[in-house]
Amino acid sequence: MARRDASATGPRPDVLVVGGGLIGLLIARELALAGARVEVVDDRQEGAASPNAAGMIAPIAESIADQAFARISIRSRDFWRDLAPALEQESGMSIDYDDSGSLLPVLDPAGRKVLDGIKARALGLGEAARDLDPIELRELVPDLRPGIEEALLLPGEHRVDNRLAAMAAAAALRHRDVVVHRATVESVAEAPGQVVASGDGFQRAAGALVVCGGAWTPRVHGLPALPIVPVKGQMIAFDGIDWPFTGAIRTPAFYAVRRAGRRLLIGASVEHAGFDLSLSDEVGADLAAGAAALLPPLKDREPVEHWAGLRPGTPDPWPIVGRLSERLHVATGHFRNGILLAPLTARMIAPLVLDQQPDDPWLAIPEVMLPGRFAAAERLSS
Ligand code: GLY
């Protein structure tokens with residue numbers, strides 16, 4: 001819903017970030033750290049990906065079987081190691097960052113083979129991977145169904161409370177006096193020496209713009225056509241979990257991710273349903289049943305939450321990050337890996353927007369991520 005925003009006055013910012021999800025907030029933070037005058041505009045879209053995600057930072061367990069993608073993901077996980085304490089320090093709040101790893105139980109002999117493949121792949125990428133014996137496994141997750149005797153642990157995988165991380169990023173921006181406008185940007189237009197973002201009752205000119213609108217990005221008029229589609233994910237949560245393992249458990253069918261405060265998140269469906277955010281009892285029951293088949297004590301509990309979010313999907317596995325025209329940039333399409341790739345994305349796009357050389361070779365945006373790989377974007381931005 002669009003709102004009139006009275007605070008869009010004062011000196012023109014160097015950069016306006018359109019979209020205040022975790023990626024937009026971290027981009028704004030990087031730009032502010034680099035000395036730019038930056039503002040954010042966000043409309044708190046219901047179903048936005050970052051507050052509705054699971055918060056996994058899992059470069060092997062969650063990523064697609066593509067070495068380049070895994071290497072990029074590992075680099076972003078490395079950035080999280082520094083970012084998490086920095087956000088906590090800058091905001092004065094905990095973001096429930098956890099580096100216990102991902103635990104992949106062996107469910108059957110075929111599963112053992114798959115996990116051996118995942119282990120070999122992790123080790124080949126220089127990532128830690130080790131088999132847990134039955135005693136270690138039971139100690140970590142005593143609720144596992146009897147008969148599950150082994151698991152693969154990926155100790156380099158982390159998780160974060162994505163809602164807290166976004167709150168901390170917003171607080172860190174407030175401490176730097178970065179203004180966050182509440183408004184829906186409906187269109188962007190380049191004018192000599194500036195670019196203007198407008199919506200109902202909102203208008204702001206800036207030296208440059210970064211659009212991080214997630215699944216809603218194609219709704220912003222004035223951008224080249226970007227092939228982003230919403231991909232709905234429903235999740236449920238249980239309370240009262242107190243096993244020692246505080247990371248994420250993954251099976252081929254679902255994931256179960258711990259939170260501080262005895263909560264366990266179970267996800268997620270993958271549905272092509274446009275912008276529909278309705279909750280299906282059937283999907284919720286399927287998630288609960290799948291989780292209870294692995295963790296039988298869940299049979300006696302009722303989920304305490306059921307929600308849906310919209311991942312921004314692209315036709316290929318990669319996000320869309322880069323320059324659209326001289327003053328217009330985009331960072332979206334992170335599909336299932338937005339929380340994981342947020343720090344790397346922010347550090348990639350900030351130097352590009354500011355026409356600076358990145359200080360790390362990993363920050364050069366690979367061609368597979370550039371918007372120009374899609375014909376329509378190439379045509380419209382040339
Ligand atoms: N990254 C979790 C999901 O997309 O379901």
Side-chain angles (χ1 to χ4, degrees), residues 21-23 26 45 47-66 69-70 72-74 76-77 80 95-98 100-104 118 154 156-166 212 214-216 228-238 247-259 263-277 279-280 283-284 286-288 290-291 294 303 305-320 331-345:
L22 186 64
I23 290 176
L26 292 184
Q45 191 64 248
S50 75
N52 293 300
M56 285 180 291
I57 300 169
I60 305 294
E62 175 80 340
S63 107
I64 51 155
D66 176 294
F69 195 93
I72 291 264
S73 302
I74 288 167
S76 199
R77 183 278 320 273
W80 261 112
I95 63 168
D96 185 18
Y97 191 77
D98 180 282
S100 320
S102 295
L103 190 154
L104 288 63
I118 293 175
L154 300 170
E157 307 222 316
H158 305 167
R159 61 129 193 104
V160 69
D161 184 323
N162 35 293
R163 292 176 187 172
L164 293 181
C212 316
W216 290 265
I228 311 271
V229 291
V231 185
K232 179 174 168 181
Q234 295 188 52
M235 296 185 62
I236 57 171
F238 291 95
I249 300 175
R250 298 205 56 117
T251 74
F254 69 92
Y255 51 77
V257 188
R258 289 294 305 273
R259 284 287 182 271
R263 185 159 277 212
L264 184 70
L265 276 49
I266 310 290
S269 64
V270 179
E271 303 167 57
H272 290 266
F275 286 89
D276 167 47
L277 279 168
L279 301 175
S280 144
V283 171
D286 277 356
L287 288 169
L294 184 76
E305 213 186 322
H306 180 182
W307 71 98
L310 298 177
R311 313 169 180 95
T314 66
D316 58 25
W318 293 89
I320 304 177
T332 185
H334 292 72
F335 189 40
R336 301 193 75 142
N337 298 106
I339 305 300
L340 167 64
L341 295 176
L344 183 74
T345 302

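Just follow the structure's listing: the first ligand is 1, and inside any ligand the first atom is 1. Note that the coordinates shown come from a computational prediction; the quantities given were computed from them, not determined experimentally.
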Report task. Check each heavy atom of M235 against ligand 1 and say whether those closer than 4.0 Å belong to the side chain, the backbone, both or neither. Result -> neither
Query raised in the report: Which part of A54 is near ligand 1, with near meaning a heavy atom under 4.0 Å away: side chain, backbone, both or neither?
Result: neither
Report task. Just go through H334, R311, M56 and tell me whose heavy atom is the nearest to atom 4 (O) of ligand 1. Result -> R311
Query - Sub-4.5 Å side-chain heavy-atom contact between M235 and F254 - result: no
Query raised in the report: Which of the atoms of ligand 1 are close to A268, meaning less than 4.0 Å from one of its heavy atoms?
Result: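 Near A268, meaning under 4.0 Å from one of its heavy atoms, ligand 1 has 5 (O).
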Query raised in the report: Under 30°, 30 to 60°, or over 60°: which ring-plane class applies to W80 and Y97, parallel, tilted or perpendicular?
Result: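 Ring orientation of W80 relative to Y97: parallel.
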Query raised in the report: Considering only protein heavy atoms, which is closest to atom 5 (O) of ligand 1, and at what distance to one decimal place?
Result: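 Nearest protein contact, heavy atoms only, for atom 5 (O) of ligand 1 is Y255 OH, 2.6 Å.
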**Report entry** Check ion pair R159-D96 (N to O, under 4.0 angstrom)
**Finding:**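 So R159 pairs with D96 through a salt bridge.
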Report task. Check whether any side-chain N or O of E157 sits under 3.5 Å from a backbone N or O of I60 as a donor-acceptor pair, and report yes or no. Result ->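 Checked: pair present.
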Requested in this report: Give the residue, atom name and distance (to 0.1 Å) of the protein heavy atom nearest atom 2 (C) of ligand 1.
Outcome: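 The answer is E62 OE2, 3.0 Å.
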**Report entry** Salt-bridge contact E305-R163 (side-chain N to carboxylate O under 4.0 Å)
**Finding:** yes
